[in-house]
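Data first, discussion second: the structure below is written as structure tokens.
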There are 2 protein chains.
Amino acid sequence: MKKHQITIIDIARQLNISKSTVSRVLTGHPNVSEKTREAVLKLANELDYQRNMLAINLMSSQSHTIGIIVPEFVTSFFPMVIMGAQEVASQAGYNVLISQSNESYETEVANAKVMLDNRVDGVLVSLTRETRNYDHLKVFQRKGIPIVFFNRVCDDMQVPKVVVDDYEGAFKAVEHLILTGRKRIAHLGGPTSLHVSKKRLEGYKDALRKYNQPIDPGLILDYDLNLEKVKIYIKHLLDLPEPPDALFTINDPTAFEAMIFMKAKGLKIPEEIAVVGFSNNYGSTLIEPRLTTVAQPTHQIGQVAAQLLLDQINSDASEWKPIYRVLKTELLVRGSS
Amino acid sequence: MKKHQITIIDIARQLNISKSTVSRVLTGHPNVSEKTREAVLKLANELDYQRNMLAINLMSSQSHTIGIIVPEFVTSFFPMVIMGAQEVASQAGYNVLISQSNESYETEVANAKVMLDNRVDGVLVSLTRETRNYDHLKVFQRKGIPIVFFNRVCDDMQVPKVVVDDYEGAFKAVEHLILTGRKRIAHLGGPTSLHVSKKRLEGYKDALRKYNQPIDPGLILDYDLNLEKVKIYIKHLLDLPEPPDALFTINDPTAFEAMIFMKAKGLKIPEEIAVVGFSNNYGSTLIEPRLTTVAQPTHQIGQVAAQLLLDQINSDASEWKPIYRVLKTELLVRGSS
DNA sequence: GGTGTTTTTGGGAACGTTCCCAAACAATGG
DNA sequence: CCATTGTTTGGGAACGTTCCCAAAAACACC
């Protein structure tokens, strides 16, 4: 069914030398005569020899692969993070095994098992919105496989984490709304199980406090990130006796949905209601008015997370530290506010 | 540096049986007594045994992995295709090794080598806009590793390909513009090296022919998909003595750029100029007016391509056929036309 | 030409599985 | 109770590398 692939033994036999010598040439070991080196290299090239990583992996007990588990692929956020991580990883000679949990806890568990089976040398994780139990991830720690969280991190585990300053980002966003004269700022937040949701909510509240604005619980909604429900929440807000004059959402897709719905209702953005999102996703400059949002350094998140992971892979477990890297956000003020 | 991982030999020793028996239990072989089966299963569970795919892969000479090489990750098109492919692959117990060529031929070559090194069981490829030489991909054929192209296919190789009906999609788009009264329809096309560009251009021309409209070479531009240059091309078109009253672009991001530029120039869309894109990318419903576009079944492309690949993997090379699957497109008429 | 040193080479174990073959054991039937 | 069949088990090769150790070859020096 499968063609025979050339091995170092084939090369050794044809040249009447031992496989050890061929291996030495191919791995660049110094102790080998110029004559045999050339002969091996020449024949390897002629035969189109390709080293077999399956054997090398088993021999070295390393897969030379890092795993990445992300909740979704639809918004541009995670693909961008993956791009950054992949850059750093392949630079260092590592492959990347990507899996999506589709925001499902069970899939995340299954994916973790696949990573374990495949003996990834380390794993990068961003949790699903459902994940409450972390046993499937603690296995990695127990087995001595480094793990790094990014974006949606796990407070329960003492491992490196890479996040953006969600608190400050939200704070700046809301402060901006206040300073431009908004009096009733609503917040459509994410599920409180997610660290990011909590932090952004805190930033929202503290900005209001700083400027002595009342915190109206009726203006704070937390939803499950299911975009189809956005309409319902917005309708609820607009139907309030005192509707909001500004909306700060947990992310950009949510803001898009909200804007589309509000525009359909005839509301003027930003005159009647200002909107600010979070992430600077693809699309935020396409919608009209262009969305004011808190930009996250997606690419950098991936790079930093991958680097932290590689650092752990290449050091003794005793030296591992639960580094907590907080990257800066940037408020991009555009037409929607 | 690395913790000892439990192997079947550990289990065998503790139970005073042979590794063969343990292996039989774990692989579900029938010939093993109920008593030993239970004992093995129990201990494996207690010790948190995890099968070592590195060993299994070497033993079976299969990586249980399929490779996917895509040109980019920025637009939503390829991530969506990958989602579809991944679904089918993991259903069948295969992992997915993803790599981006970043539209660079050299990176594509390097990625192909990595796939080869890692002995992927098959590979899914969408070419870069630069690729003119296919030697790095023909190696797969020579080595008996199945390969399937999708979207950006290679005319030189007799292997399965999955595309959408670019010709018909373009035809329908242009026909729609003609039927809505447009007289000068410009086409901002992709590099002619890409199969898709050629097909879409053909559809464009044939639609004009069918309705006895002149084909003005001055209205047909082919660019290298570098979004930053879109402005220049559009400016050129608008400055013509007889500027176009409609624009059909090779893809949606190009249409977005064009629309943004034209709106900034004060042009009314669709009154003064209609715009039609291709792909129904994320963002086409965000921009205003919403973009009329030819939708591609991204998810399905991935599924079909992966399935064709798996079919080849699980059959003898002598049975491989260069199946050419053409999926249907759908014209989505929206506000921009 | 013998001794010591360095360079180059070969042999074999190891990585953790699966799979084939033969051996041991249990069960069945006359 | 022995022969026959069937079930359960163990031993060892194989997958393609790397790496350690020892042997062989080449070289230098007195």
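Quick note: numbers below take in every heavy atom, side chains included, and nothing from hydrogens, waters or symmetry partners. Below, chain A is the first sequence line, B the second, and so on; all start at residue 1. Computed from a prediction, not measured in an experiment: that's the story for all the values here.
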(request) Please work out if B:I56 contacts a base, only the sugar-phosphate, or nothing of the nucleic acid, heavy-atom cut-off 4.0 Å. (result) sugar-phosphate
(request) Can you label the angle between the B:H64 ring and the B:Y94 ring as parallel, tilted or perpendicular, going by 30° and 60°? (result) tilted
(request) Taking only the side-chain nitrogens and oxygens of B:S23, find out if one of them lies under 4.0 Å from OP1 or OP2 of C:dT18. (result) yes
(request) Give the nucleotide from the list C:dG16, C:dG10, D:dT9 with an atom nearest to the side chain of A:S20. (result) C:dG10
(message) So B:S33, base contact, sugar-phosphate only, or nothing? Heavy-atom distance under 4.0 Å.
(response) sugar-phosphate
(message) Taking the minimum atom-to-atom distance to the side chain of B:T21, which one of D:dT9, D:dT17, C:dT18 wins?
(response) D:dT9
(request) Just call it for A:L54: base, sugar-phosphate, or nothing, with non-hydrogen atoms closer than 4.0 Å on any strand. (result) nothing
(request) Would you indicate which nucleotide in D:dT18, C:dT9, C:dT17 comes nearest to any side-chain atom of A:I8? (result) D:dT18
(request) For B:D10, answer base if it contacts any base atom (sugar-phosphate contacts may also be present), sugar-phosphate if it contacts only those atoms, and nothing otherwise; contact means non-hydrogen atoms under 4.0 Å. (result) nothing
(message) For a quick check of understanding: with a heavy-atom distance under 4.0 Å over all strands, which category does A:T27 fall into, base, sugar-phosphate or nothing?
(response) sugar-phosphate
(request) May I ask you to verify if any side-chain N or O of B:Y49 is less than 4.0 angstrom from the OP1 or OP2 atom of C:dT17? (result) yes
(message) In terms of relative ring orientation, are B:H136 and B:Y105 parallel, tilted or perpendicular, with 30° and 60° separating the classes?
(response) perpendicular
(message) Over all strands shown, is B:N52 touching base, sugar-phosphate only, or nothing at heavy-atom distances under 4.0 angstrom?
(response) sugar-phosphate
